[in-house]
Every structure is written in structure tokens, then in C-alpha cells.
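Report on the structure given below.
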Amino acid sequence: MITLGLDIGSLTAKGVLLKEGQILVKHLIPVGYNSKKAALLLMDELFEKAKIKQTDVQKTVATGYGRNNIDFADKTVSEIICHGRGIHFLLPEIRTIIDIGGQDSKVIILDDKGNVANFVMNDKCAAGTGRFLDVMARAMETEIQYFGELALRGKNPSKISSVCTVFAESEIISLVAKGENREDITSGIHLSIARRIVSMVKRVGMKPPVAMSGGVALNVGVIDALQKLLETPVITTPLAQYGGALGAALLAEEK
Amino acid sequence: MKRIMRRYYTEAKYAKLLGKKIAWITSGGPVEPLIAMNIIPIYPENHGAMIGASKLGGKMSEFAEGLGYSQDVCSYVKDDITSSITKESPVPGGLPEPDMLICSNNICGTVLKWYEIQARKFNVPLFIYDTPFVHTEFTDEAREYVNEQTKEYIRFLEKHTGKKFNYKKMKKVGHLSLEAMRLWKAVLDTAAHKPSPLTAFDAFFHLALIVTLRGKKVVVRYYKTLLKELNERTAHNIGAVDNEKYRLLWDNLPIWFRMRWLSDKFASHQAALVADTYTQAWCGVIDLIDENDFLGTMGEAYTRIHLNVGVDQMADTIKTFIKQYDVDGLVMHSNRSCKPYSFGQYDIQKLIREMDIPVLMIEADMTDDRKFSESQVETRIDAFMEVIKQRRK
């Protein structure tokens, strides 16, 4: 049986094709303004990569912000359950999952069977989300994929006191004007977002071991800052960005 | 309900012709002495709820912000200030102007400034019924303090109506008010039945009378009829939500402009919001009132309402409801407008952890639709319901 999991986020669309519990292919593309169009394109590319036809797919589950626009999916499931399932599949021992998404950040607590026991999401503000990192990387004129490494090179992280994305950006401009170096400012930015996440972790009650899911897990600066503040290792996997899509594909297999 | 409310607002509109005075009063204020003195009570907060339900809240808040009020000021205040200037309102012509203002700070501190502003605008006398915050216990000094104000309140009413206080009628009003509260409690208690014959959304609707007109016969009659209907529903196991499978508790004021959407959203998960802490506030202090000495005991009762006590006690109340209504989860509305209601919610979450039920926090506002983000709320509700379903397995 082949199943498809689609995770249509606010920034990227991720897809995983699963065959008998094995990942056949995975793929991601930027979403743009039309999430349904992105999902269709993503599927075409997935099928081409896997050398299968759409009719070979028995079941499709969609998740992510765009999930309700995917009318051809058999079912939609929220990101919380999907990330929980995906990470439990990849890293069965994990009890706490942190996912920093484009619009939403979440901390998910799993029970020993991999079911979601509890979760907490960020408040309405963008400060604790992936969008914050995006805006800040642009302010620092750095490509997002190198942003984390830059943070690791900071020796005396700058103090970013604002919790607001917009105000933090102007705060950074004044730090630049003061002559603070890029590495230190970037390091401060990463600590700032990590502090927001850590307060969410504490609110829901951390259960080690902790892992990160979602695209931001690829950012070593965030992982490093979280480890420092949580005083516990934060585990990640190269497939972290596909956590939600994989979970969706696994859920499609179940029913 | 619509008929009663229409008659109420029509009577208020023609109060001058009827030779009656109008008092604007806060939602938690002691209304019974007004009824006893034949004064028509008008609730700007009830009006605010109507403005919210008519989806005018965002626009009207914006107008008040243009006057200089902060974004963070309560939207009921902003709606009221706007409406008293522009006359924009779901009630034709807006609220009738007050002859006096009665303000009790048992619900929040904002009402003090709000009523001061309106007292200046309308140039009318203002009475402040000051209720000390009950952190842990209600002291004898506090009792003396509020009882003294009850006497002052009566002198205030006598002065501004030019009439002697009607103690005989007050006795009747006290009995009727208490009877209405008991009936309201009985109405809400029916939700303990599975399936629940009413949801919190229904309670938000039926609440209007216990807030605005308690102490009047019509309220007792209305709730008696409602209770009878609900009892019939429970007898026949008719639920408010089709195939009720999950039961939830709501905390804080409703999101007036999204009642239908939220109700449908939860119903689509076969979830019924069976109870809430908000509508319960109008029957939470029945035991503190002496039926034969309403005036002498109302001070304590009005001081010890849900919003004027510490978080420990609020958490205890929530725990009681979790057990009484046998709920699977708690939905907390973090209400941008209502600070005293929203401020302790994270602490309450911690205090009720032993109950081991999932808690969902929705950020919104009771009337300001600019503070509501549909897709964010939808994702949170879906995820919350999935967790509840998973736990049931």
C-alpha cells in the first residue's frame, strides 16, 4: 500500500510517499500564494521522483495551514498529531517535540505509545515563529541556511530585549549602528527566539528526551540556543523538516 | 427572550414619558435596589455584547481609538463611548441617556474610569460601590465596609429620585432576585446530563435576563419555562449537540462575534461546551444571601463573585465544574479586553493540572473582531480535539 502525506505550511509544502512503512520519496517546494497549486505541483514532482502514477496512491492525508484547501485529500489532520506521529516513527524514545513553524510554534508532549498527551502553541504574535528568523536573517543580509552557523560564531551574544518581530528588527538596526558585530547580533537573535520557545516548554512541562521537528531543526544556532537554555540535549534528524508530512503519510496508512 | 428584551429597551427609551429614571449600571452591580425604586437599569455591558454579536465591535473600537483610547482598553468601554457619541447601536437610537450611574468595581478596575468619563459626559451623579478584592478570606472589616456602602447607596437613590426608599418592595425584589438566581442555577445544572440539553452558547444567550432584569417577575417566569423545556429534553435524552461525544468547559466571556462559528466548529467534532465559568457567575453566590435580609447580605455576596477572588479560588471553582459536568477538556478564552478574567489563566492551568485534562487557550476578544485570527484558532481547536479523541481511545 502506498500512502501520501502532504504538509502544506505557510512557507513550504512538504510531501512524503510511504510504501509499507518505508519512505519511498520525500520532496519539498516553496508554497507561494496559492497553496493548492503548490500542493498539485509538489505531487507531480513526487510521483515523477518515485516513478509512480497518482492512481498508485491509496490514501492521502493533508496537514499544515493549507490542509483545508487540499480537497482531494482523504482526510485532514492538524500538525500537532502529524509531527507527533512522524517524530515518534523516526525517534521512538522522544517525549517532547519542539516545532517552530512559519506561523506557529508548538511544543508537543508524547506519551510512551507516541500519542499526543498535551501541547501548547504560541500566542498570536509572530515573535516565536520561523517568520521571526526569516525577517532577522534578511535584516542581517544572510541566507537563512547559513544563519544558524553565523550564530554559533558569536562570542558575546547581543541582548535583544524586544519580544516583537518588528521592534526587534529596529533594535538590530541600532545594534548595527552601535558597531556590534554580525555574529554576536545573530547569536542574540537566536537566543531571543529560544527564550520564547523555552517558556512554552516550561508551560506544558518538559519531558526528556527532547527533539526538534520542522525546518528550523536544520538551524544549528536554534538547536544550540535551546540546548543551553533547556540544559538538556535537543535531538534532531535530517528528516526533521518532513516530520509533519511523514506523520500524515503514516496516519493515512493506519486507516 | 427577544420580546422581553425589546419591551425592556422600549420602556427605557420612553422612560421620561413614563416618569421613570434610568440608571446605567455595571454588570456585577447591585441592581435590586434600583428595581425596588422603580428605576430602569441599563447595562452598557449587555449593550456591548449586542454590539459584539452584531459584529460592530472592531469598527466601534477603532473609532474610540481615534479619540485617543488605547488599543488595550476594554472593548466594552470603547464600544460604549463610541455609541454614546455616534448613537451607532443594534438598539435603535442607541442606549437611553442615564439619569445616574451605578458602578461596582467587583468585576474590574476599568469600570471606575469608564463610569467617571460617562458621568462627566452626561453630567449625572455617579455612585461607586467599592468591593475590596478577596485574596483569601472575607474579613469582618470588609463586611462592615460594604454594608456601610449599601446604606450610602440607598441614601444616594433617595436623594436623586426625591423619594423614600421602598423597603417593602425591596423585600419582594430580593425574593424574586434570589428565586431567579436559583432557577438560573437549575437551568445550568441540567447540562450535567448526558447528552447535555444545552450548551454554553445557549447559556450565553439566555443569560441576558438574569443580568439585566433579576428582581422582576418576568425573569422568574422565563427561566421556569426554560427549565421545564430543558427537563423535558433530558427526560427524552435530547442533546443540544447531535451525537454528543465529548464535553468541554469554557472559561471567560464569550467571543460574541464568533458564537455561531465556534459552536459549529465544536459540534463538528461532536463536542458540546456544556458549561462555562462566565454564566455561572450570576448564581455562584446564592448561598451567601439571606433571603430575609437581602440588603444586609448583598454586600458580601457582590464582593465575593468569581472575578473578585484570588486565582486559588477560581481554580477550585473550575475543578468543581470539571467534576460536576464531567468534562474532557477546558477551553480558555484569553480575552484581550478582560484583564481580571484572563490574567490568572496560566496559573489556573497549573493549579488544575491534577485534574489531568487538556487545556486549550484561544486568544481573542469579546467584541473586537480585529483580535481574532480564524485560521490560528481553527488549527488550535482541531489539534485540541484530536488530542481529546486520542486520549479516549
Side-chain angles (χ1 to χ4, degrees), chain A residues 7-10 35 61-69 75-85 88 97 99 101-126 128-129 131 199-200 202-205 207 244 247-248 251 254-255, chain B residues 71-72 255 258 261 264-265 268-269 271 328-337 342-365 368-393:
Chain A
D7 177 2
I8 314 300
S10 57
S35 54
V61 167
T63 186
Y65 254 93
R67 68 185 182 282
N68 291 329
N69 296 334
K75 203 179 163 189
T76 60
V77 180
S78 77
E79 301 97 289
I80 305 285
I81 302 290
C82 290
H83 278 284
R85 185 53 55 93
H88 183 70
I97 302 168
D99 171 47
Q103 280 207 42
D104 268 329
S105 295
K106 45 233 159 229
V107 179
I108 304 161
I109 305 292
L110 298 183
D111 65 17
D112 35 339
K113 284 184 225 106
N115 291 325
V116 175
N118 207 349
F119 73 96
V120 63
M121 284 171 102
N122 65 304
D123 50 34
K124 263 168 101 177
C125 160
T129 69
R131 188 69 73 178
S199 72
M200 280 165 59
K202 286 189 176 151
R203 208 183 297 151
V204 70
K207 288 201 171 73
L251 286 167
E254 265 175 26
K255 283 167 199 169
Chain B
Q71 277 229 16
D72 293 322
I255 302 171
R258 280 301 177 124
W261 185 84
D264 289 349
K265 184 81 215 159
S268 76
H269 288 286
D328 304 285
L330 168 64
V331 183
M332 291 184 132
H333 167 205
S334 174
N335 182 351
R336 190 87 187 178
S337 273
S342 311
F343 193 61
Q345 282 175 319
Y346 282 127
D347 288 318
I348 291 172
Q349 279 188 30
K350 264 190 204 152
L351 290 168
I352 63 161
R353 219 171 243 177
E354 70 200 55
M355 306 302 291
D356 190 34
I357 58 164
V359 183
L360 170 71
M361 186 77 107
I362 293 178
E363 275 199 62
D365 188 275
D368 188 346
D369 50 354
R370 299 170 304 166
K371 309 276 166 70
F372 186 86
S373 157
E374 182 176 302
S375 65
Q376 277 197 338
V377 173
E378 188 170 30
T379 299
R380 280 156 180 75
I381 292 176
D382 287 344
F384 175 68
M385 287 314 304
E386 283 162 12
V387 169
I388 286 179
K389 286 173 199 168
Q390 225 180 38
R391 286 165 69 111
R392 199 48 97 71
K393 276 182 198 164

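The model shown is predicted, which means the values in this text are computed figures rather than measured ones. In the text below, chain A, chain B and the rest are named by the order of the sequence lines, each starting its count at 1.
When heavy atoms are compared at a cutoff of 4.5 Å, Asn68(A) approaches chain B solely by way of its side chain, counted from C-beta outward. Looking at Val77(A), the atoms closer than 4.5 Å to chain B (heavy atoms on both sides) sit in the backbone and in the side chain alike.
Residues passing the side chain to side chain donor-acceptor pair (under 3.5 Å) test with Ser35(A), sequence neighbours excluded: Asn69(A). Partners of Ser375(B) according to the side-chain contact (heavy atoms from CB on, under 4.5 Å) rule, which considers only residues two or more places apart in sequence or in another chain, are Tyr65(A), Ser373(B). For Asn122(A), the side-chain contact (heavy atoms from CB on, under 4.5 Å) partners are Asp104(A), Ser105(A), Thr129(A), Met200(A), Arg380(B), not counting sequence neighbours.
The greatest number of non-hydrogen atom pairs below 4.5 Å with chain A, out of Lys371(B), Arg391(B), Met385(B), is found for Lys371(B).
Considering only heavy atoms from C-beta on, Gln103(A) stays 4.5 Å or farther from Thr379(B) through its side chain.
Considering all non-hydrogen atoms of both residues, Glu386(B) and Ser78(A) come closest at OE1-OG, 2.6 Å. The heavy-atom pair separating Val387(B) from Val116(A) by the smallest distance is CG2-CG1, 3.4 Å.
Within residues 344-355 of chain B, the residues that have a heavy atom under 4.5 Å from a heavy atom of chain A are Tyr346(B), Arg353(B), listed by number.
Environment of NZ in Lys207(A): sparse, with no more than 12 heavy atoms of neighbouring residues, nucleotides or ligands closer than 6.0 Å.
Put simply, CE on Met121(A) and CD on Glu363(B) are 12.0 Å apart, with the number rounded to the nearest 0.5 Å.
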